[in-house]
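For reference, the structure is listed below as structure tokens.
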Amino acid sequence: MTTKPKARKFRIKRTAPALGSQAAAAAARAESTEAEEQTVEKPQVTEQPQPPAAKSGEVASNRQVQSENTIDTIRQEGLTGRQLRMARRVAQKHGLAPTSDFDAVRLLRAKGIDPFQRSNMLELVVPQAGAEQHEGGAPDAFANLPATTGGAGSGRAQLPQTVQVAKQQLPSTELSPAERRTQEIQNIQRDITRRRRKKMGLLLVRLAFFVILPTFLAGYYFYSIATPMYATKSEFLIIQNEGSGGAGPLGGLLPTQFATNADSIAVQGFLQSKDAMLRLDRDVGFKTHFTQDWIDPIQRLSDNPTNEEAYKTYKKNVKIGYDPTEGMIRMEVAAANPQVSAEFSSQLIDYAEQRVNNLSAQKRDDQMRDAREGFERAEAERRAAQENLVRLQIEGSTLDPEGVIASLRTQISTVETQIIEKEIELASLLNNARPNQSRVDGARGTLDILKDQLAALNNKMTDVSQGENSLAELAARIQIAQADLASRDMMLQSALQQMEQSRVEATRQVRYLTVAVEPIAPEEPTYPRAFENTILAFLVFAGIYLMISLTASILREQVTS
């Protein structure tokens with residue numbers, strides 16, 4: 001049983017070949033890499049690099065032809081891949097530069113070295129220099145032997161022995177494939193770095209031109225050129241009359257701010273309109289103030305500005321906001337002078353108060369006019385009915401025809417009752433055997449008188465109850481006039497009630513503008529806010545640049561794809 005020797009360590013890094021054989025060593029390493037990828041059972045045949053095309057007139061040397069024949073002979077021996085790798089390693093150890101694994105076998109045999117002897121594998125782990133020591137500290141016993149005797153430190157002679165002739169090794173001008181690949185990679189990396197630096201420089205230039213420079217100009221304007229503006233703030237709200245009785249059963253359920261929501265919005269729109277700007281210019285000279293020479297050109301109006309130009313400046317300097325949850329209108333008026341700013345604010349509040357008062361004036365006037373006209377008409381009709389009744393009473397020479405007829409009827413009834421009593425009394429006197437003649441005559445005389453009186457009364461009743469001018473006709477007309485007067489009284493009462501309701505409703509619809517925060521002239525300028533405006537300008541320019549860059553990148557990608 002044979003025990004294989006164990007190596008102390010294996011060499012990880014290959015020994016650098018001599019300067020004169022760098023190209024050959026690089027080719028050998030490339031061939032070794034291809035040979036290791038082949039299987040052990042099949043011999044590895046590495047394709048030799050194609051020699052350059054022979055020039056016209058040149059003939060291959062005898063040595064070159066002989067080496068090719070030798071390699072063909074070795075290839076026909078059927079060497080395994082393991083044997084070929086072993087031969088390549090031994091050749092690299094001895095400093096040879098084979099062009100292929102078969103060339104390594106040829107070179108080793110030419111030097112008298114058996115590439116397939118097992119002892120050669122131990123030589124691969126011997127230190128590179130003869131002065132190196134083993135683990136125990138003793139120097140290598142075979143280190144001083146010549147390399148031509150079978151390897152450095154092998155101690156075994158290989159036949160035939162040859163004497164190696166020192167060759168003059170010169171630096172090669174050609175690079176190995178690995179070095180060429182490394183150089184190409186470095187060139188690519190340098191090119192990528194150069195292009196990245198170029199792109200970064202262009203990006204910085206674009207950022208400086210499109211973002212930093214405009215931001216610097218904006219900041220310079222806000223800090224050095226812009227005219228300070230003084231803003232006067234004020235707050236006011238619109239409320240309605242909360243009188244009782246006119247709001248109806250649901251009038252107290254709605255809060256005041258919701259009841260005046262439409263009015264507040266209307267006032268806000270009026271204060272932001274061109275009408276308010278024209279009134280402000282007509283009363284306190286809005287255009288004149290913003291056309292002064294000491295205001296910076298961006299905020300200053302031109303000489304004789306149009307209403308549209310002045311209105312643009314008005315919208316920039318007059319800001320009005322309405323909060324529907326609180327019902328509060330907040331106004332901020334900016335001007336180049338604090339006193340002028342406060343004056344502008346006070347004038348706008350006066351305009352708003354006038355507009356609030358005029359919002360429901362027409363409706364209130366219409367309601368009151370209709371109610372007043374209805375009341376006046378009902379009152380005139382009642383007066384006519386009353387005059388008609390009085391006239392009828394005067395025409396009949398009596399104020400109460402029905403009373404006269406009732407009196408006659410009472411008299412007739414009384415006379416008839418007396419006649420009945422006298423007839424009973426006369427009948428009772430006549431029933432006596434010997435009646436008193438004087439009493440009988442007296443009773444008969446009284447009875448006749450009563451009958452005559454009854455006839456006179458009946459005649460009088462007939463006269464007053466018949467004909468066109470009778471008391472009955474007069475009484476009927478008076479009754480109609482009285483009914484008409486009663487209906488006119490009811491209509492007058494209804495008109496009076498309606499007019500009162502209209503008055504209450506008109507009172508409830510009255511709007512009042514209450515100033516919560518009075519306009520006070522500021523002592524320090526409010527605008528421009530230099531730092532905030534500069535940051536805002538930077539963000540705006542950066543956003544515009546980013547949007548344009550993304551759009552250009554997407555379009556470029558779509559076009560190239």
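Computed from heavy atoms alone, side chains included, the values below leave out hydrogens, waters and symmetry copies. Please read all numbers here as calculations on a predicted model, not as lab measurements.
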Residue [X] excluded, over 12 heavy atoms near [atom1] under 6.0 Å:
{"X": "N304", "atom1": "CG", "value": "no"}
{"X": "D191", "atom1": "CG", "value": "yes"}
{"X": "R190", "atom1": "CZ", "value": "yes"}
{"X": "E523", "atom1": "CD", "value": "no"}
{"X": "F531", "atom1": "CZ", "value": "no"}
{"X": "R181", "atom1": "CZ", "value": "no"}
{"X": "R197", "atom1": "CZ", "value": "no"}
{"X": "E524", "atom1": "CD", "value": "no"}

Check against side-chain contact (heavy atoms from CB on, under 4.5 Å), L447 and E423: CA-CA 7 Å; L447 182 61; E423 287 179 351; 3.4 Å; yes

Can you name the nearest heavy-atom pair linking [X] to [Y], along with the distance?
{"X": "S264", "Y": "Y322", "answer": "CB-CE1, 3.3 Å"}
{"X": "T288", "Y": "D281", "answer": "N-OD1, 4.3 Å"}
{"X": "M277", "Y": "A310", "answer": "SD-CB, 4.0 Å"}
{"X": "K233", "Y": "V517", "answer": "O-CG1, 4.2 Å"}
{"X": "V340", "Y": "A335", "answer": "CG1-CB, 4.3 Å"}
{"X": "T232", "Y": "S341", "answer": "OG1-OG, 2.7 Å"}

What is the distance from atom [atom1] of [X] to atom [atom2] of [Y], rounded to the nearest 0.5 Å?
{"X": "K422", "Y": "T417", "atom1": "NZ", "atom2": "OG1", "answer": "13.5 Å"}
{"X": "I419", "Y": "T446", "atom1": "CD1", "atom2": "OG1", "answer": "11.0 Å"}
{"X": "M328", "Y": "D323", "atom1": "CE", "atom2": "CG", "answer": "8.5 Å"}
{"X": "F236", "Y": "L348", "atom1": "CZ", "atom2": "CG", "answer": "8.5 Å"}
{"X": "E309", "Y": "T291", "atom1": "CD", "atom2": "OG1", "answer": "11.5 Å"}
{"X": "D283", "Y": "E343", "atom1": "CG", "atom2": "CD", "answer": "9.5 Å"}

Do [X] and [Y] make a side-chain contact, defined as non-hydrogen atoms from C-beta onward lying under 4.5 Å apart?
{"X": "L278", "Y": "Y311", "value": "no"}
{"X": "I320", "Y": "R330", "value": "no"}
{"X": "M491", "Y": "R377", "value": "no"}
{"X": "N533", "Y": "Y527", "value": "no"}
{"X": "N388", "Y": "D484", "value": "no"}
{"X": "L513", "Y": "I349", "value": "yes"}
{"X": "M499", "Y": "E376", "value": "no"}
{"X": "V318", "Y": "L271", "value": "no"}

Do Y314 and F286 have ring centres separated by under 6.0 Å? yes

Within the 6.0 Å centroid threshold, strictly below: Y545 and F541: no

Between S224 and Y221, is there a donor-acceptor pair closer than 3.5 Å when you use the side chain of the first and the backbone of the second? no

Can any side-chain N or O of D296 pair as donor or acceptor with the backbone N or O of T227 at less than 3.5 Å? yes

Start with the C-alpha distance between L450 and E416, add both sets of side-chain angles, then the distance that settles side-chain contact (heavy atoms from CB on, under 4.5 Å), and finish with yes or no. CA-CA 8 Å; L450 290 175; E416 288 178 351; over 6 Å; no

So D275 and R355, salt bridge (Lys or Arg N to Asp or Glu O under 4.0 Å) or not? Walk me through it. CA-CA 12 Å; D275 184 14; R355 181 53 58 95; 3.7 Å; yes

How about Q354 and R279: does a side-chain donor come under 3.5 Å of a side-chain acceptor? yes

Ion pair check, E379 and R488, cut-off under 4.0 Å: no

Could you walk me through whether L280 and F344 pass the side-chain contact (heavy atoms from CB on, under 4.5 Å) check? CA-CA 7 Å; L280 190 65; F344 285 172; 4.1 Å; yes

In sequence, state the C-alpha distance, the side-chain angles, and the governing distance for T526 and M229, and then conclude on side-chain contact (heavy atoms from CB on, under 4.5 Å). CA-CA 6 Å; T526 309; M229 290 292 173; over 6 Å; no

